[in-house]
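Report on the following structure.
Note that the structure is a prediction, hence the values are computed from the model and not measured.
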Amino acid sequence: MELRKFRYEFPPMEAHFLEAPTPKAVVEFIKRTYPHNWDEVLPSMVEIDDWPRFWKTLDQDGRPLPPNKR
């Protein structure tokens, strides 16, 4: 399974990086992580080609995988 890279900001100007199989998985993760204001976070989500050294990897359901399962 090929994983794609994503970036979002919350709070504004604070970048977070994720790896997931689909954009939908990232949306589900954001909705669970920010249940009261996910609609403010989603507009900052973008797919990127590369990222800094640290990120999260998500499964098909948008749940983070442990670091050794990447």
Can you tell me if D59 uses its side chain to pair, donor with acceptor, with the backbone of D61 under 3.5 Å? yes

Quiz item: Got a donor-acceptor contact below 3.5 angstrom from the H16 side chain to the R7 backbone?
Solution: no

Tightest non-hydrogen contact, residues D49 and K5, listed as O-CD, 3.3 Å

Between L58 and P21, the two heavy atoms sitting closest are O-CD, 3.3 Å

**Q.** Any side-chain heavy-atom pair of E19 and L65 under 4.5 Å
**A.** no

Residues at least two apart in sequence or cross-chain that pass side-chain contact (heavy atoms from CB on, under 4.5 Å) with T33, listed by chain then number, are F29

Check your understanding: Taking the six-membered ring for Trp, are F17 and F6 ring centroids under 6.0 Å apart?
Key -> no

Interatomic distance, CG@L3 vs CG@L18, rounded to 0.5 Å, equals 11.0 Å

May I ask you to test the W38-F10 pair for a side-chain heavy-atom distance under 4.5 Å? no

The complete set of salt bridge (charged side-chain N to carboxylate O under 4.0 Å, His left out) pairs with one or both residues in residues 31-40, sequence neighbours excluded, reads none

Residue set satisfying side chain to side chain donor-acceptor pair (under 3.5 Å) with Q60, at least two apart, ordered chain then number -> none

Checklist line | R4 side chain reached by E47 side chain, heavy atoms, under 4.5 Å | finding: yes

